Amino acid sequence: MTTPYTFDHTAYAGTLQTTYAHLADAEESGVDVRVAGRVMLLRTQGKLAFATLRDSSGEIQLFALAARTEDFAEFAKLHLGDWVGVSGEVVRTKRGELSVKVTRWVLLAQAQHNFGDKWAGITDFDLRYRHREADLWANPSSRQSLARRSLVVRAVRERCWAADFTEVETPMLNAIATGAAARPFTTFHNALDSQFFLRIAPELWLKRLVVGGFERVFELGRVFRNEGVSPRHNPEFTMLELYAAYWNYTDMMAFTEELVAGVASDVLGTTDVTYQGRPFSFAAPWPRRTMAELTSAALGEDVSVHTPRERLAALLDERGVSVHESWGAGRCLAELFEETCEETLWDPIFVTDFPVEVSPLARRHQRDPELTERFESYAAGRELSNGFSELNDPLDQRARFEDQARLSDAGDDEAMRIDEDYIRALEWGLPPTAGLGVGIDRLAMLIADEANIREVIAFPTLKPRRD
RNA sequence: GCGCCGGUAGCUCAAUUGGCAGAGCAUUUGACUCUUAAUCAACAGGUUCCGGGUUCAAGUCCCGGCCGGCGCACCA
């Protein structure tokens with residue numbers, strides 16, 4: 001059968017609900033509208049038929065009468081899921097339901113499959129994620145979470161633009177996967193006869209743009225990490241990275257809390273949220289506490305990057321963490337922090353002053369060369385952002401990469417590889433600069449109140465069917 | 001990668017100790033001029049995820065595999 005190529009609609013269901021909220025029972029507005037969407041429910045009653053129409057804005061009832069509606073018999077045989085366009089008057093029925101009293105209608109597309117259960121919708125995770133299109137029209141909450149993700153991305157982008165950051169795009173196909181500690185995906189370019197890695201972070205490229213004179217840049221894009229899959233990890237995810245010349249990590253913390261609080265406010269209209277039943281507030285300012293302070297408080301024992309490595313290792317051992325021989329005091333401190341503090345950090349907080357050993361791209365702390373001017377923000381027990389004063393000394397950067405190479409030789413397959421082109425870029429002069437990375441999916445989870453990252457990704461990575 | 005749990009009609013779910021594989025909704029047919037998950041009547045709908053095994057008999061028990069959820073590990 002042939003269906004129309006266009007439908008000229010003049011109203012949305014949700015808008016009609018607010019515009020005609022005043023209409024009394026059995027009152028007719030005298031206004032004709034054209035609406036389109038999917039038939040979600042159908043109730044026929046002899047020479048009457050009621051359908052629930054859903055469009056992107058909400059739902060409205062369609063009211064068809066044999067005496068008034070063209071092709072009434074066909075209308076009464078619509079299937080759940082069919083797309084229709086209708087025209088008719090906005091009325092409220094005797095029973096109080098705002099409706100479009102259908103005079104003319106057209107089938108826009110047939111639904112050949114249906115989900116059947118009007119109450120439970122689709123609950124099977126496998127079906128929901130593999131056929132998200134069905135999930136989205138069967139389950140309004142799925143659509144809401146993805147819509148909120150979209151609003152988060154939009155708000156992030158607009159706030160970065162408003163702060164004079166230039167949006168840029170850097171390569172996803174890289175000869176070296178660097179800028180973070182993660183195992184990469186590999187691929188191959190035939191014409192260039194070369195192996196490439198999908199990027200694990202855009203960090204080094206972005207700083208090269210700062211070297212080139214883009215004083216404020218950001219990139220909002222996909223990164224790929226060949227790691228495990230979990231309710232909080234998808235192999236490809238979206239990251240915001242942002243760099244500002246002349247800022248240090250203190251400036252960047254101030255920007256970060258304003259950005260995140262602003263995004264929450266833009267999307268939800270408030271900075272007060274409830275995540276998985278537990279409230280917290282994104283409102284700035286967030287507390288700043290050093291990693292050593294928090295870890296000492298959790299342990300009931302003063303520790304720092306200067307605590308003898310043997311003592312830190314013993315504390316880890318007590319907690320069942322196996323200590324690798326290549327770990328120095330800095331790595332041990334960071335592990336202790338993750339073990340004792342991370343999950344307890346519910347309200348947004350900045351954890352500052354990370355050891356040099358675990359921060360190969362961050363600038364040394366002005367007061368302690370064993371630390372860096374680095375922060376991570378935490379919320380709901382999870383890392384939300386990561387930022388630092390950027391290391392701009394090419395000699396120190398080379399030494400840091402060489403430390404990483406030693407870790408790699410010691411069997412750490414996530415250690416960074418030395419990037420000669422990046423060191424050369426630093427030799428051209430990187431001004432004092434602060435950088436920020438924010439996991440957008442994680443932020444969207446918080447704002448959409450979702451426990452599983454897949455709920456804020458339209459098509460999460462699944463194992464291909466093999467049957 | 002490891003552990004636990006799950007997979008039954010298009011969808012949501014039942015099935016007692018191993019004993020004829022069911023219901024609601026959806027689909028099909030019929031009734032019905034204000035329904036709201038409409039209601040009522042009837043018909044139809046199955047490789048119980050896949051492959052082996054035990055048994056007179058397997059959705060159910062055993063072995064292997066596939067996919068998913070959760071936890072651990074890894075990470076953001």
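Each chain gets a letter, A, B and so on, in the order its sequence line appears, and its residues count up from 1. Since the model is a prediction, treat every value here as computed from it, not as a measurement.
- Side-chain nitrogen and oxygen atoms of T123(A) include at least one within less than 4.0 Å of the OP1 or OP2 phosphate oxygen of rC13(B).
- For F165(A) and F255(A), the ring centers are positioned less than 6.0 Å apart.
- Remark on RNA chain B: of its neighbouring residues A120(A) and S99(A), the 5'-side contact belongs to A120(A), judged by nearest-heavy-atom nucleotide.
- RNA chain B is contacted by Q45(A), G46(A), K47(A), L48(A), F50(A), Q61(A), F63(A) of residues 45-67 of chain A, taking any non-hydrogen atom closer than 4.0 Å.
- Within the 4.0 angstrom heavy-atom criterion, only backbone atoms of the sugar-phosphate kind lie near D124(A); the bases stay farther away.
- Within the 4.0 angstrom heavy-atom criterion, base atoms lie near F237(A).
- For rC70(B), the OP1/OP2 oxygens have a side-chain nitrogen or oxygen of N452(A) closer than 4.0 Å.
- At a threshold of 4.0 angstrom between heavy atoms, the contacts of E383(A) are confined to the sugar-phosphate backbone, with no base atom among them.
- Note on G121(A): only backbone sugar-phosphate atoms sit closer than 4.0 angstrom, heavy atoms only; bases stay farther off.
- Across rG45(B) and rU8(B), the matching C1' atoms stand 14 Å from one another, rounded to whole Å.
- Evaluation of atom-type donor-acceptor distances gives no pair under 3.5 Å for the side chain of D126(A) against the base of rG7(B).
- Under the Watson-Crick or G-U wobble criterion, with both distances below 3.5 Å, rG46(B) is left unpaired in every strand shown.
- Across all strands shown, rC40(B) forms a Watson-Crick or G-U wobble pair with rG30(B), both key distances being under 3.5 Å.
- Between rC43(B) and rA15(B), the distance separating the two P atoms is 26 Å to the nearest Å.
- Contact annotation: R232(A) does not reach the phosphate of rA76(B) (side-chain N/O to OP1 or OP2, under 4.0 Å).
- rC72(B) is paired with rG1(B) under the criterion used here, namely a Watson-Crick or G-U wobble arrangement in which both key atom distances are under 3.5 Å.
- The phosphate of rC34(B) (OP1 or OP2) has no side-chain N or O of R43(A) nearer than 4.0 angstrom.
- Here W119(A) lies parallel enough and close enough to stack on the base of rA37(B), with planes under 30° and ring centres under 5.5 Å apart.
- Aromatic rings from F354(A) and Y249(A) are positioned such that their centres are separated by 6.0 Å or more.
- At least one side-chain nitrogen or oxygen of H79(A) sits closer than 4.0 Å to the OP1 or OP2 atom of rU28(B).
- For rC25(B), the OP1/OP2 oxygens have no side-chain nitrogen or oxygen of K118(A) closer than 4.0 Å.
- For rG22(B), the paired nucleotide is rC13(B), the pair qualifying as Watson-Crick or G-U wobble because both relevant distances are below 3.5 Å.
- When the nearest nucleotides of RNA chain B are assigned to F125(A) and T44(A) by heavy-atom distance, the more 5′-ward of the two goes with T44(A).
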